[in-house]
J.: 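To start, I am sharing the structure in question, which I have written as structure tokens.
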Number of protein chains: 2
Amino acid sequence: MAKKVTIATVARYAGVSRQTVSNVLNTPEVVREETRRRVHEAVEALGYRANQAARQMRTGRSRLIATRIEPTRDGINGSVLDRFLHGLTEAAAGSGYRVILYTAADDEAEIATYEDLLGAYTPDAFVLASTHHGDARTSWLAARGMPFVTFGRPWDALDAHTWVDVDGAAGTEEATGHLLGSGHRRVAFLGWPEGSGVGDDRRSGWARAMAAAGLDVAGLAYVCEDRVAEAEAAVRGMLGAGEPPTAIVCASDSLALGAFQAARAANPDAPVAVCGFDDTPVARAVGLTSVSQPLEEAAAHCVRLLTRQIAGEDVDGQNTGGQQEDGAAAPERVLLRPSLVVRRSTT
Amino acid sequence: MAKKVTIATVARYAGVSRQTVSNVLNTPEVVREETRRRVHEAVEALGYRANQAARQMRTGRSRLIATRIEPTRDGINGSVLDRFLHGLTEAAAGSGYRVILYTAADDEAEIATYEDLLGAYTPDAFVLASTHHGDARTSWLAARGMPFVTFGRPWDALDAHTWVDVDGAAGTEEATGHLLGSGHRRVAFLGWPEGSGVGDDRRSGWARAMAAAGLDVAGLAYVCEDRVAEAEAAVRGMLGAGEPPTAIVCASDSLALGAFQAARAANPDAPVAVCGFDDTPVARAVGLTSVSQPLEEAAAHCVRLLTRQIAGEDVDGQNTGGQQEDGAAAPERVLLRPSLVVRRSTT
DNA sequence: TCTATCGTCTTGAACGTTCAAATCGCCATG
DNA sequence: CATGGCGATTTGAACGTTCAAGACGATAGA
């Protein structure tokens, strides 16, 4: 059972003091090159790794990023957050951070978890997904000066805090444009009931594209809950009515799958074109055209913005009040453009 | 900015010493009831939370469970591990543990990550999924005496270490039995190429059920890669041949979806019955009968077995060699029974 | 030559917790 | 009445790291 290798072990091996080893690892520029080399050799030879707990004790930094893992949703779109989580873990590791998970049934429970986590593991930052109107979590964290980033806009006030999001409207706009380019004129939109930021945003992209083409959208906007069966029923009704659309842009792959099934049932040979959102495995499997979010990129931005916030905390006194010359004080926003993956459901 | 609340703050507030506070929290039985009450009040009033880093320094325990998050697979079945991960996070929280994530491209990279993690964050245990023949990770961890559990059997030697798994064979057996009960006689199996533990296991359940019913399986076992398109092609061929099956049990929902599409295309009015595995969102959405794994339960068992291993470590010297009266030394195995979710694809 | 400065390295202290040992009062036992 | 033991609590030390301050020799400026 090999004894634990501490900084003292390395120091003895290299014939220097503890602090010199620490300096080699944290502030190499203050130590002579030859010494640095010797210490590195010792670290290598002994397989030394800085103990995170001890480091945290002294510095107050845990190099941990906390985020919530959601219960699998009904729908098909759950996989989006999982891909994001994977991207986050990778990006974090690239910056020397690890991701620690928690669950919470609702916002209130989540805030209780914050208190727990902050007391015990003291993560350096939080990543919040699934933002919504009147989100209580962000203000709680902001009030405590905790660094955090949301993946998803704060739908109430865009400049409230740092966030990363994907431009859903641009996605549906591109999808609609793609259909218009194929000759479609009656392009419908199947979305969620009004009031959800994400849903309303996606609808607006469709409306914008239609308007730009000089087309009337009256009677072409449909609404239902985010479930396959409901979408299927809705589209069945839509196609049986007087002047049915020839293409449908959907707010999610769940809706799109339902629409796709209804379309094929109504006319197996030349079904109505259907376009989904999120490019989930199902869309790939079924051959559904869909809007794809750059999740890995979004996750990388989250980590980048967080590390910047954390670093900014160190020089706290300077940022508040003075000229924000370095811009570290102003919350940053990143809006990424999704891309359209064209498959056979729109050809 | 409220000062940090430490054990010393609580001690002063309650008029006792540090150690007494520590005792109230860790070994309440040694402290007088009245004192205990006073300390609890102080903890409550000040919102005290034990600092994990400091605790870890002293005890060597981090109360962290490390597990890997996989890159999203091609298929549809990725959601299985995500549900498991969610269950794991919840179960861990229930036992006072948190889940910390890492990624790794392959086994070798994963082992490198172990060294990193063990040096820095020193998790108390690991949970490994996606076990396979000749898994190098388990022996590495075992050699270092690291507590770990795999979700998935060690396919080489069942008694090698502690594991939790779902009885895939029982699942396909039940699915096959369900189809036989509906009057089907020519029930085919569509699985993965031989050599994967999971796949071979699932095939064996089907074979068992067929044998029990006295049916011949010659020419009824099909094989293809785990992709929707390939399954679709395979089943198209199958149904065009001389004596086609009337029902197909599949090793995954990906395969089942492909089979389902081919079946409906071949005969929209009375398609061949199809049964999948994993009860993924897609199966739910499309109406595919599927075998459902009790993932939350599996995760809970993992945590239970881990905490037991961790606790067993403390009395290390006693367990080795002596009579294993308490059984803590022998690796435990848990095999859970999946359940069949019947939907319209088999009626 | 004396002092100041710089580069390099070392020493003591502290972070918050728990372990091990010591203290103290009290009661039972010989 | 001395001794021992027990229950309840306190005190000192240690975990491994980094910060703050200091030491030491060499070089430069007055």
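FYI, side chains are in, hydrogens and waters are out, and symmetry mates aren't considered; it's all heavy atoms of this structure. By convention in this document, chain letters (A, B, ...) are assigned in the order of the sequence lines, proteins followed by strands, and residues within each chain are numbered from 1.
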J.: Under 4.5 Å between any side-chain heavy atoms of Val39(A) and Tyr13(A), yes or no?
T.: no
J.: Would you kindly compare Gly15(B) and Arg55(A) by the position of their nearest DNA chain D nucleotide and give the one closer to the 5′ end?
T.: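 Nearest nucleotide further toward 5': that of Gly15(B).
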J.: Counting side-chain heavy atoms from CB outward, which of dT9(D), dT17(D), dT18(C) is closest to Arg18(A)?
T.: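 Nucleotide nearest to Arg18(A)'s side chain: dT17(D).
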J.: Ignoring the backbone of Val16(A), work out which of dT10(D), dT10(C), dT8(C) is nearest its side chain.
T.: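 Ranking dT10(D), dT10(C), dT8(C) by closest atom to the Val16(A) side chain puts dT10(C) first.
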J.: Between dT10(C) and Ser17(A), is there an OP1 or OP2 to side-chain N/O distance shorter than 4.0 Å?
T.: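 Yes, within the criterion.
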J.: For the pair made of CZ in Arg38(A) and P in dT8(C), what is the distance, rounded to whole Å?
T.: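 It is 14 Å, rounded to the nearest whole Å.
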J.: Using 30° and 60° as the class limits, which term best fits the ring planes of Tyr102(A) and Phe126(A): parallel, tilted or perpendicular?
T.: perpendicular
J.: So, OP1 or OP2 of dT18(C): does either fall under 4.0 Å of a side-chain N or O from Thr59(B)?
T.: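 Checking Thr59(B) against dT18(C): no side-chain N or O falls below 4.0 Å of OP1 or OP2.
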J.: Taking any heavy-atom pair under 4.0 Å as a contact, classify Ala53(A): base, sugar-phosphate, or nothing.
T.: nothing
J.: Could you tell me how far apart Asn26(B) (CG) and dG16(C) (P) are, to the nearest whole angstrom?
T.: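 For the pair Asn26(B) CG and dG16(C) P, the rounded distance is 17 Å.
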J.: Round to a whole Å and report the spacing from CD1 of Ile7(B) to C1' of dT18(C).
T.: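 Answer to the nearest Å: 8 Å.
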J.: May I ask you to decide if Asp107(A)'s main-chain N or O and Arg137(A)'s side chain share a donor-acceptor pair within less than 3.5 Å?
T.: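 Answer holds: no.
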J.: Compare the minimum distances between each of dG16(C), dC9(C), dT10(D) and the side chain of Lys4(B), then state the nucleotide with the smallest one.
T.: dG16(C)
J.: Take atom CZ of Arg61(B) and atom P of dC19(C), then tell me their distance rounded to the nearest Å.
T.: 11 Å
J.: Which nucleotide wins on minimum distance to the side chain of Gln19(B), given the candidates dT17(C), dT18(C), dT17(D)?
T.: dT18(C)
J.: CD of Glu33(B) versus C1' of dG7(D): gap in Å, rounded?
T.: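 Value for this atom pair: 15 Å.
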J.: Give a yes or no answer on whether the side chain of Thr59(B) reaches the backbone of Arg55(B) with a donor-acceptor pair at less than 3.5 Å.
T.: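 The answer is yes, because a donor-acceptor pair under 3.5 Å joins these two groups.
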J.: Taking only N and O in the side chain of Asn23(B), is any of them less than 4.0 Å away from OP1 or OP2 of dA8(D)?
T.: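 For dA8(D), OP1/OP2 do not have a side-chain N/O of Asn23(B) under 4.0 Å.
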J.: dC19(D), dT11(D), dT17(C): which one has an atom nearest the side-chain heavy atoms of Arg58(A)?
T.: dC19(D)
J.: Which nucleotide in the set dT18(C), dT17(C), dC9(C) lies at the smallest distance from any side-chain heavy atom of Thr35(A)?
T.: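 Of the candidates, dC9(C) comes closest.
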J.: Output the rounded distance in Å from CG (Asn51(B)) to P (dT17(D)).
T.: 17 Å
J.: Would a distance-only check, ignoring hydrogens and angles, find a side-chain to backbone donor-acceptor pair under 3.5 Å from Trp163(B) to Leu158(B)?
T.: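 Judged by distance alone, yes, a pair lies under 3.5 Å.
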J.: How many whole angstroms separate atom OH of Tyr121(A) from atom C1' of dT17(C)?
T.: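 These atoms are roughly 14 Å apart.
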J.: Between dT10(C) and Thr20(A), is there an OP1 or OP2 to side-chain N/O distance shorter than 4.0 Å?
T.: yes
J.: Give a yes/no on whether any side-chain N or O of Ser22(A) is located under 4.0 angstrom from OP1 or OP2 of dC19(D).
T.: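 Answer is no, no contact under 4.0 Å.
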J.: Rounded to whole angstrom units, what separation is found between the CG atom of Leu46(B) and the C1' atom of dG16(C)?
T.: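 Leu46(B) atom CG is separated from dG16(C) atom C1' by 15 Å.
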J.: I'd like to check Arg49(A) versus Val5(A) (side-chain heavy atoms, cut-off strictly below 4.5 Å). Are they in contact?
T.: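 Not in contact.
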